[in-house]
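Below, all heavy atoms of this structure are taken into account, side chains as well, without hydrogens, waters or symmetry copies. So that the names make sense, note that chain A is the first sequence line, chain B the second, and so on, each numbered from 1. No experiment lies behind these values; they were computed from the predicted model shown.
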Amino acid sequence: MALKDYKKDMVRCARCSVCKFIPLSSIIKSWRFAYGCPAIARYHFHSYSAGGKLILALSLLEGRITPSPKLRDVVYACTLCGLCDHACKIGTDMEVLEILHEFRVHLVEKGEGPLEAHRPIIESIKNYGNVWMQPRARRERWAKDLDVKILDGKKVKADVLYYVGCTYSYDPELQRVAINTARIFQTAGVDFGILGRNEVCCVSPAYMVGVTSLFEEVGRANIELFNELGVETVVTSCAGCYSMFKSKYPRLGVKMNFEVKHTVQVFYELLQKGKLSPARWNGGQVTYHDPCHLGRLGERREPSHGREKYVLGTMPVKEIPKAMGAKGICDEPRALLDALGAEGKEMERRREYAWCCGAGGGVKTGVPDLASFASGERIQEAVSTGAGVLVTACPWCEKNLQDAVEQARAGLRILDITDVITGGEV
Amino acid sequence: MDRNVYKAMADVVGQEFISDDPVVLETYSFNWLTEFLPGAAPCKYMPHRPAAVVLPGSVEEVQQVVKICNRYGVKYKALSTGYGSHSLPGQGNVVVLDLRRMNRIVEINEEQGYAVVEPYVTWAQLAAEVMKKGYFTTPVQAGSQASVLANVTSGWGMNTFGNHGGHNGRNCLAVEWVLPTGELLKLGPPEGWFSGDGPGPSLRGIMRGYCGAQGALGVFTKVGIKLHHWPGPPELKTRSGGLMLYYRLDEIPEFMELFAPSFDTYEALADFMVKAGESEIAYSLVRAGGIAHMTSMFGSLSNQEIFENYHESGFLQILEEEVKHPCIVLIFARTKEEFEYKKAVLMDIIEETGGKILPPFLEGPFADLMKQEMPVALFGNDTHFIHHQGGFVISAGYMGNTDAVVRHMGVPAEKLKKKYMEKGAILFDGDDSTYHNSFDHGAYIYMEMEFHYDAALPDSVEASRKAIEEERTTRLEEKLGFEPNDIGLCVGDASLTPWERVKEISKRYMNFHAWQQRIKQALDPENISDGTNYGGGTPKPGQ
Ligand SMILES: Cc1cc2nc3c(=O)[nH]c(=O)nc-3n(C[C@H](O)[C@H](O)[C@@H](O)COP(=O)(O)OP(=O)(O)OC[C@H]3O[C@@H](n4cnc5c(N)ncnc54)[C@H](O)[C@@H]3O)c2cc1C
Ligand code: SF4
Ligand code: SF4
């Protein structure tokens, strides 16, 4: 893997600005919600757009610029949400998102990344196995009043590993989602267990900011651990963990003897089998926010590393077909909300062209100004639908959107999909 | 950049909205077609970086920045969305005014059918809002992510809906204009924004001319643009999962249908295009070359699929046998009667001119593509696919009599292109990659020849450049050159600067460059607004 593998794609950028907007193809429904990229919408200079970052990557490789604090700021002022990648791929085969990520890896390798604010998180993953600098033993506390199996792969086994994730495990505001999930599973008779204090971070925060060495070390260990448990499925409530397991872990080249699912998929299956009898929703109109890592990045993606052949003279054909981002998990949460009787009000930017909440790609920690701009924008869009409740399925989205609601004093409730299934907060 | 100038500008726009950091400047040095400019660095970089980039947020800020430029003798260049080398400074020490923050739709006047917009309103945004009121726009093929104002006031004006909506130079009803000196001028009626004569009285030639002044005559901060009727619903329903653009129509509007009649000869095609234009039945009347060119641009979503679906499968061969010289006609009506009438007229003209519509064996995905996806491409104006292969360039464009352009220009173009395709230096997309776009119900037509190459392959870039140079010479020799449109794009002979190119062309067109120079001198006595492409003159690299 190297940034230079993608040099041809960088040269091919037409500087057309398509990556700044949601797809043009009659998807844009208003002046107000036409933009797609949070970074350029906030900072305006072309450098901050995906196209701009491709030019900068090329300029760096060509020796036209050298690493600088400004370059680092621009590269990390990006949520790696992938909207640009989807928009660009409608007309090209360029691997925009891979380049944005490789740019970070390149800076880290040169000692120029990540941002200072990211370093404590990296250290925390190394030292505590979680991003929150919390003792390992506290990871299972949320489950203390629930009769949940702690799997060891020998004596205690189950069909399903419920991988909770750092944020749902430790954050007092969000632990309810793990509790909701365990209760839903128990009621539906799912044979599941957790790893308890042995659960280790999925390592997404390190991967996102370009610290590949840690991703490789922890990612491999996690795959081996899951394999040893002998489970059929690893299920997680966190969109970020899901996308890591689904799309990034396979790049490590270690065989994964389990299937990966997000909880919304399992809830949907349970509903279809008649094993989920949720409370009817009577909390008013809801709008669903697609987390990037569940929606457009919830689709398995394999990078080509620039490998391509030419046909018809000069037509480059990538060795690996492009992922457009529409095979992620967008239908299931909507079907669930529908089945619960929740009247759904769609936002204009949705599914594979949803606007990012602003938390991803190390932005919540590293560039809080961008995080709050993006979430503020999303809240305004949600409010414009007339819904009083925004439902999502990702801890980072929930936290960041909640912060924006408080900041804007908007009359909007932010809930996780499990809150709706269980009929309210636990 | 001189710190005094920088500080003066920062005081106007705020520190957040000005930068001369190389990390910012670098991204205003790279663009589409830059690789063809004299002195360009490899990989699409301009020979010069701007001195600074400024992001004004209002007309007052634009005026103040322009006045500072005049005070300190610093050149400036405005861009709206900045798609193409013509939007970047053509010389050193130029301040770029990126107008991104001026992004409001100021007014949509339903009664008089116009909209007033600032520079960073895109065609897609405007279309979405005016469709709700029964109107539509005339988006430029560069794509609906491009600026409405830039096209209408400052750069060209050809568009896919020109058959009923006209050239965008004519859709300009009034402007708010910061002159090169910083003074503010409003052209058009004293009240409101609708002047039938455009920025009258008859000042259009001075304000924009045919190709626009491309940033050489100050900064346009608002434009009143004519809107055109929209027979469809307030919003188009689309869904994902298409062969071509990824999005397709979920519900096809009731009285809309797209046809792709085909003709055996250019003569028959020309007959058809003239008659179809004159009959005033088509909402859109365009061509995208032969079937090999059409499929290689938008036949499928990825290059691999294009190759597999059309070439490896042999489907293209079958198509080519049936479809020699196709064109695209969009019929769109308000009522069933109007719809049936227009279709009947279309069928009569096809029959009369010896054409045929696609045979029944083309049902299936290809037919869906035409029915559900092509309209999305047209209305959404999602023309991003022209970069599928990694590079797209056009020969000099021609604007002329429909019959003459279609009848005479295809054959020499075919001969010329073949040789480069056979060498594998440019994309093998069939002999006919001429694009045509009818205006004012066939009153005249625009044509350009498209070459696809890979910008990442220097040999391929060079081959395209040579092909275009040869194409221009051939047309001159065969006296086929109608009105050239390569002002500002400057591909072909790499030894000439854009202004030298203008002067070359001008020799054949009554020395129009002398008029450009006079206008430029009158409005911009200190030559402060970057005149690379218009009336100014660019130093050679190194000068
Ligand atoms: C692939 C491609 C296809 C194209 N096809 C067509 C076509 O079919 N028909 C057509 O007409 N054009 C076409 N163009 C040319 C041109 O880019 C468009 O006409 C232009 O409208 C695009 O808008 P923009 O916002 O990118 O303009 P910009 O690139 O921002 O500006 C275009 C020109 O206008 C000047 N300018 C922009 N804003 C202002 C302002 N506010 N005040 C003063 N000067 C200003 C700029 O300096 C520049 O010279 C095409 C361009 C590309 C890249
Ligand atoms: S990254 Fe893609 S969409 Fe963005 S400017 Fe470049 S070519 Fe256009
Ligand atoms: S990943 Fe998201 S934030 Fe980053 S450049 Fe792309 S659209 Fe913008």
State, with a plain yes or no, whether a side-chain heavy atom of A:Val11 is found less than 4.5 Å away from one of B:Glu35.
-> no
B:Ser144 versus chain A, the contacting section by heavy-atom distance below 4.5 Å | both
Applying a strict 4.5 Å limit to non-hydrogen atoms, the region of B:Ala425 in contact with chain A is backbone
Shortest non-hydrogen pair, A:Ala87 vs B:His384, comes out as O-CD2, 3.8 Å
Is there a donor-acceptor pair closer than 3.5 Å between any side-chain N or O of B:Tyr28 and the backbone N or O of A:His46?
-> yes
Could you have a look at A:Ser59, A:Pro23, A:Ala34, A:Ser17 and say which one has the most heavy-atom pairs with chain B under 4.5 angstrom?
-> A:Ser59
Check: B:Tyr45 and A:Leu58 side chains under 4.5 Å, non-hydrogen atoms | yes
Answer with side chain, backbone, both or neither: which region of A:Met315 has an atom nearer than 4.5 Å to a non-hydrogen atom of chain B?
-> both
Go through the atoms of B:Phe17 and report whether side chain, backbone, both or neither lie under 4.5 Å from a heavy atom of chain A.
-> both
Within-4.5 Å side-chain heavy-atom neighbours: B:His311 and A:Leu312 | yes
Does the side chain of B:Glu26 reach to within under 4.5 Å of the side chain of A:Leu56, using non-hydrogen atoms?
-> yes
Among A:Asp73, A:Thr92, A:Ile90, who wins on heavy-atom pairs under 4.5 Å with chain B?
-> A:Ile90
Can you tell which part of B:Leu88 gets under 4.5 Å to a heavy atom of chain A, answering side chain, backbone, both or neither?
-> neither
Nearest non-hydrogen partners of A:Ala41 and B:Arg100, listed with the distance | CA-NH2, 3.7 Å
Report yes if some heavy atom in the side chain of A:Glu352 is under 4.5 Å from a heavy atom in the side chain of B:Tyr246; otherwise report no.
-> yes
Are the side chain of B:Lys132 and the backbone of A:Lys29 linked by a donor-acceptor contact shorter than 3.5 Å?
-> yes
From A:Leu24 atom CG to B:Leu245 atom CG, the distance as rounded to the nearest 0.5 Å | 9.0 Å
Ignoring hydrogens and angles, tell me if any N or O in the side chain of A:Asp93 forms a donor-acceptor pair with the backbone of B:Asn303 under 3.5 Å.
-> yes
Chain B heavy atoms under 4.5 Å from A:Lys20: which part of the residue, side chain, backbone, both or neither?
-> side chain
Closest contact, heavy atoms only, A:His86 versus B:Tyr247 = NE2-OH, 2.7 Å
Evaluate whether atom NZ of A:Lys309 has more than 12 neighbouring non-hydrogen atoms of other residues, nucleotides or ligands under 6.0 angstrom away.
-> no
Most contact-rich option vs chain B, by heavy-atom pairs under 4.5 angstrom, among A:Lys70, A:Arg12, A:Arg64, is A:Arg64
Which region of A:Phe21, side chain (C-beta onward) or backbone (N, CA, C, O), has a non-hydrogen atom less than 4.5 Å from a non-hydrogen atom of chain B, or is it both or neither?
-> side chain
Count the heavy-atom pairs under 4.5 Å between each of B:Gly390, B:Ser240, B:Ser29, B:Ser296 and chain A, then report the option with the highest count.
-> B:Gly390
Tell me, for B:Arg49 versus chain A, whether the close heavy atoms (under 4.5 Å) come from the side chain, the backbone, both or neither.
-> side chain
Are the side chains of B:Leu301 and A:Lys322 in touch, meaning some heavy atoms are under 4.5 Å apart?
-> yes
Chain A: which of B:Leu126, B:Leu457, B:Thr81, B:Leu378 shares the most heavy-atom pairs with it under 4.5 Å?
-> B:Leu457
What part of B:Asp454 gets closer than 4.5 Å to chain A, counting heavy atoms only: side chain, backbone, both or neither?
-> both
What residue in A:Pro321, A:Ser30, A:Gly52, A:Gly51 has the most heavy-atom pairs under 4.5 Å with chain B?
-> A:Ser30
Picking from B:Ala127, B:Pro234, B:Ala377, B:Gly82, which has the most non-hydrogen pairs under 4.5 angstrom with chain A?
-> B:Gly82
Given a strict heavy-atom distance threshold of 4.5 Å, which part of A:Phe33 is in contact with chain B: side chain, backbone, both, or neither?
-> neither
Between A:Met94 and chain B, which part of the residue has a heavy atom less than 4.5 Å away: side chain, backbone, both or neither?
-> neither
More than 12 foreign heavy atoms under 6.0 Å from OH of B:Tyr420: is that the case here?
-> yes
Bottom line for B:Thr122: the part with an atom under 4.5 Å from chain A's heavy atoms is side chain
Which atoms of A:Ile40 come close to chain B, meaning under 4.5 Å heavy atom to heavy atom: side chain ones, backbone ones, both, or neither?
-> both
Does any N or O in the side chain of B:Gln145 come within less than 3.5 Å of the main-chain N or O of A:Val18, such that one atom is a donor and the other an acceptor?
-> no
Taking the six-membered ring of B:Phe30, is the NZ or CZ of A:Arg15 close enough (under 6.0 Å from the centre) and on axis enough (within 45°)?
-> no
Sort B:Gln304 into side chain, backbone, both or neither according to what part of it lies under 4.5 angstrom from a heavy atom of chain A.
-> both
Measuring from A:Tyr310:OH to B:Ser460:OG, what's the distance to the nearest 0.5 Å?
-> 7.5 Å
Give a yes or no on whether the backbone of A:Ile27 and the side-chain of B:Thr238 come within a donor-acceptor separation of less than 3.5 Å.
-> no
Choice from A:Ser68, A:Ser49, A:Cys13 maximising heavy atom contacts with chain B below 4.5 Å | A:Cys13
Go through the atoms of A:Tyr353 and report whether side chain, backbone, both or neither lie under 4.5 Å from a heavy atom of chain B.
-> side chain
Most chain A-contacting option - heavy-atom pairs closer than 4.5 Å, from B:Ala455, B:Ser302, B:Gly424 | B:Ser302
Between A:Gly313, A:Ser26, A:Ser25, which residue shows the highest count of heavy-atom pairs closer than 4.5 Å to chain B?
-> A:Ser25
If you tally heavy-atom pairs under 4.5 Å between each of B:Gln389, B:Met421, B:Arg248 and chain A, the highest tally belongs to B:Gln389
Between B:Leu25, B:Thr383, B:Val24, B:Val376, the one whose heavy-atom pairs under 4.5 Å with chain A are most numerous | B:Val24
Mind checking whether A:Phe45 and B:Asp98 have side chains closer than 4.5 Å, heavy atoms only?
-> no
Would you say A:Tyr35 and B:Asn103 make side-chain contact, with heavy atoms under 4.5 Å?
-> yes
Residue part contacting chain A, namely of B:Ile105, when any heavy atom lies under 4.5 Å = both
Run the salt-bridge test on A:Arg32 and B:Glu129 with the 4.0 Å N-O cut-off and return the result as yes or no.
-> no
B:Leu249 portion near chain A, given a 4.5 angstrom heavy-atom threshold | neither
